Each structure stands twice: as structure tokens, then as C-alpha cells.
Amino acid sequence: MTGAGPKLLVLQHIACEPPGAYEDELRDRGGRLVRVMVDQGEPLPDWRAFDGIIAMGGPMGAYEDDRLPWLGAEKQLIAEAVSAGAPFWGVCLGSQLLAASLGAPVGPGPSPEVGVLPVYRTAGGGADPVFRTMPDEFEALQWHSDTFALPHGATQLARSDAYEQQAFVFKRAYGVQFHIEVGTALAAEWGDVPAYAESLTALMGDGALTRLLADIGAREDEMTALARRLFAAWLEHVVAGAPNSYPTAAAPNSTAAATSSALL
């Protein structure tokens with residue numbers, strides 16, 4: 001780890017989806033971040049210059065390489081870093097990009113999962129040094145329509161009633177499908193994104209955003225406290241124990257499932 005606190009690379013795919021409470025925990029521990037707006041064409045730096053990587057959500061699908069050529073380069077970076085054992089924290093789209101970079105199929109789920117809904121920790125999660133800090137059941141914001149298969153060699157950490165894959169770990173890489181890092185102010189910004197607003201109205205009817213924000217507000221303190229606890233465990237048990245340097249190596253080929261639009 002470099003400096004007084006970890007320096008993390010943040011791969012961000014839309015301005016209104018920063019790391020939220022995860023970033024708050026990092027900064028309170030003296031950590032730093034370098035934010036790259038991948039969707040705006042900002043160049044990807046050498047991941048070896050960082051103590052870990054965070055990949056956040058976005059309105060695109062992890063498989064839309066033809067429409068968004070930068071996705072291929074991002075998945076290549078993730079595959080190379082994760083294969084080398086670098087710490088990685090992927091949220092929603094970030095978890096799907098992680099799965100795809102490990103060769104697992106990613107694509108539309110049976111139906112969108114939207115709302116503040118229960119998530120269940122698995123037995124694997126209870127044995128994991130990071131996820132054992134979480135309760136057996138907790139509430140989380142869901143706002144997505146894509147899912148992924150559990151990558152070969154990964155351990156499932158959490159599931160929900162609608163989507164079997166909610167969190168997994170592979171080496172030092174964690175993928176979480178759900179959102180607990182988000183408060184009402186940030187979720188309100190999501191409601192200003194046309195693709196998000198249209199999908200929310202289509203699923204939940206008129207006034208959906210107002211109702212969803214009320215549900216988030218009722219659980220905001222609980223969710224963000226869990227986010228900080230979970231991320232603190234990742235910093236302490238994963239980032240702090242990572243190597244100080246990595247060899248230069250070719251990344252494995254990444255695959256992704258074919259078409260459809262994603263939410264968060």
C-alpha cells in the first residue's frame with residue numbers, strides 16, 4: 001500500500017454514480033482516489049500504480065462492446081489486474097464487468113429488479129473475511145435488469161429472491177450487484193437520467209421515483225452504515241494485504257453475453 005492511506009483507481013461510467021459511502025469511508029481513512037470517467041473517453045491509466053480498483057455502475061450493458069468500444073479495453077484492464085491478484089471492488093455494472101472479464105456470461109435477467117429489497121448472505125459470505133461483517137439479511141437498493149453467471153472459481157457471497165447472483169469473490173476481487181452506498185440525494189440524481197426515469201416509470205408507474213426515494217430515505221442511514229462497514233473490511237483484509245508490485249502479464253480473454261439494455 002502506498003502513502004498514509006490507499007490510493008484507488010475509480011472507473012466511473014456516469015457522473016451521478018460515484019462510490020458514495022464507499023468513497024466516504026476511504027477518505028475518512030486517509031485514502032485517495034483517482035477518478036476516470038470511462039464513458040467520456042478519459043484514458044485508462046496503468047492499474048499497477050494503484051492499491052486497488054473500484055468500478056461503479058452505469059446505464060450501459062457489460063456486453064455492448066460494439067456500441068461502446070471502450071468497454072473492451074476496460075474489461076481487459078480488469079481481467080489483467082484481477083488475474084494478477086489486485087484488489088477490485090465492482091458495484092452493479094462493475095460487478096457485471098468483473099464477471100465478464102472472468103469469462104462468465106452477462107445478460108438480461110428474467111425481469112428487472114428495482115426497489116429497496118432484502119438481500120441474503122450465503123454460507124460462503126458468512127465465511128468470507130469481508131462479507132462476514134454483514135448480517136444474514138439486509139435491505140439494499142436494487143435498480144438493474146442485467147445479471148451474470150457465477151464465474152468459474154468464484155465464491156457466491158449473497159443472493160436475493162429475484163436474482164441468484166448478488167455478490168461474489170474471486171481472489172482479491174469482489175463484485176456486488178446491489179447498492180448500499182447510495183442515499184436519497186444521489187438516487188434523486190439517478191431519477192434525472194432519462195433512461196433510468198423511463199425504466200422506473202415503466203416498472204412502477206407514475207410517481208415511482210417519489211415512492212422509491214421515500215423507501216431509500218427510510219433505510220438510508222442503515223444502508224450507508226453497512227456500506228462503510230463492508231468497504232472498511234475490504235480495505236483492511238484485502239487492500240492492506242495486497243502485493244506492493246505486480247508483474248507485467250497478458251490478460252486472459254474476456255467474454256460477455258449478447259444484447260439488451262442495462263439499468264444500474
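Throughout, residue positions are numbered sequentially from 1 according to the sequence presented. No experiment lies behind these values; they were computed from the predicted model shown.
Using a distance-only test at 3.5 Å, with no hydrogens or angles considered, no donor-acceptor pair links the side chain of K171 to the main chain of P87. Here the side chain of R32 pairs no donor or acceptor atom with the backbone of P6 at under 3.5 angstrom. Side chain of T201 to main chain of A197: a donor-acceptor pair is present (N/O by atom type, distance under 3.5 Å, no hydrogens or angles). Side-chain atoms of T122 come within 3.5 Å of backbone atoms of Q156 as a donor-acceptor pair (strictly under, hydrogens ignored). Using modelled atom types, one side-chain atom of E64 and one backbone atom of G61 make a donor-acceptor pair closer than 3.5 Å. A donor-acceptor contact shorter than 3.5 Å is absent between the side chain of R27 and the backbone of L33. Judged purely by atom type and a 3.5 angstrom limit, W89 has no side-chain atom pairing as donor or acceptor with the backbone of A173. With hydrogens and angles disregarded, no donor-acceptor distance shorter than 3.5 Å links the side chain of R132 to the backbone of G125. Of the possible polar contacts, one joining the H144 side chain to the D146 backbone as a donor-acceptor pair under 3.5 Å is found. In terms of modelled atom types and a separation under 3.5 Å, the side chain of Y163 and the main chain of S145 share a donor-acceptor contact.
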Audit row: D128, T155, side chain to side chain contact (heavy atoms under 4.5 Å, CB included) steps and yes/no: CA-CA 9 Å; D128 180 78; T155 299; over 6 Å; no
Side chain to side chain contact (heavy atoms under 4.5 Å, CB included) evaluation trace for V119 with Q142: CA-CA 10 Å; V119 175; Q142 305 280 6; 3.5 Å; yes
field: Test log, rule side chain to side chain contact (heavy atoms under 4.5 Å, CB included), inputs H179 and C92
entry: CA-CA 7 Å; H179 296 279; C92 205; 3.6 Å; yes
- request: Could you go through the side chain to side chain contact (heavy atoms under 4.5 Å, CB included) check for F50 and L8 one step at a time?
  value: CA-CA 5 Å; F50 301 88; L8 301 183; 5.9 Å; no
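Rounding to the nearest 0.5 Å gives a distance of 11.0 Å between CG of D221 and CG of L226. The line from CG of L71 to CG of L97 is 6.5 Å long, rounded to the nearest 0.5 Å. Atom-to-atom distance recorded for C16:SG and L186:CG is 7.0 Å, nearest 0.5 angstrom. Of the inter-residue distances, the one linking E220 atom CD with D215 atom CG reads 12.5 Å to the nearest 0.5 angstrom.
Taking each heavy atom of L213 and A188 in turn, the nearest pair found is CD2-N, 3.7 Å. A149 and A104 make their closest contact through O-CB, 3.4 Å (heavy atoms, listed as atom of the first residue, atom of the second, distance). Across all their heavy atoms, I216 and A187 have their closest contact at CD1-CB, 3.6 Å. When all heavy atoms are compared, the tightest approach of P43 to V36 is O-CG1, 3.6 Å. Among all heavy-atom pairs drawn from G85 and P243, the shortest one is O-CD, 4.4 Å. Scanning all heavy atoms of the two residues, the minimum distance from A86 to W47 falls at CB-CZ3, 3.8 Å.
Note on W70: it does not cluster hydrophobically with M37, by side-chain heavy-atom contacts below 4.5 Å among ILVMFWY residues.
None of Y174, F131, F148 except one satisfies the ring pair (Phe, Tyr, Trp, His ring centres under 6.0 Å) rule with F168; the exception is F148. Test R35, E17, E42 against Q12 for side chain to side chain donor-acceptor pair (under 3.5 Å) and you get one pass: R35.
Under the 4.5 Å side-chain criterion, counting only non-hydrogen atoms from C-beta, M56 is in contact with P19. Within the 4.5 Å cutoff, no side-chain heavy atoms of L141 are placed close to those of L117. In this structure, L44 and V38 have side chains that are in contact, with non-hydrogen atoms separated by less than 4.5 Å. Side-chain contact between W190 and V182 is present, with at least one heavy-atom pair separated by less than 4.5 Å. In this structure, the side chains of R211 and M204 come closer than 4.5 Å at one or more pairs of heavy atoms. In this structure the side chain of R172 never reaches within 4.5 angstrom of the side chain of F88, judged on heavy atoms. The closest side-chain heavy-atom distance from I53 to L11 is below 4.5 Å. Counting heavy atoms from C-beta outward, V34 and V10 have side chains that stay 4.5 Å or more apart.
Of the N and O atoms on the side chains of Q177 and E113, not one donor lies less than 3.5 Å from an acceptor on the other residue. Remark: the E74 side chain and the H13 side chain contain an N/O donor-acceptor pair separated by less than 3.5 Å. A donor-acceptor pair shorter than 3.5 Å cannot be found between the side chains of E181 and T224. Side chains of Q165 and T147: a donor-acceptor N/O pair is absent below 3.5 angstrom, by distance only.
In this structure, the ring of F138 has its center no less than 6.0 angstrom from the ring center of Y120. Checked against the 6.0 Å centroid criterion, the rings of H152 and F170 do not qualify as a close aromatic pair.
Between D51 and K7 no salt bridge is recorded (no basic side-chain N to carboxylate O distance below 4.0 Å).
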Distance-only donor-acceptor pairs under 3.5 Å for side chains of residues 228-238, two or more places apart:
unit_1	atom_1	unit_2	atom_2	d
R228	NE	E25	OE1	2.8
R228	NH2	E25	OE1	3.2
R228	NH2	D28	OD2	2.4
R229	NH1	T133	O	2.7
E236	OE2	R29	NH1	3.2
E236	OE2	R29	NH2	2.6

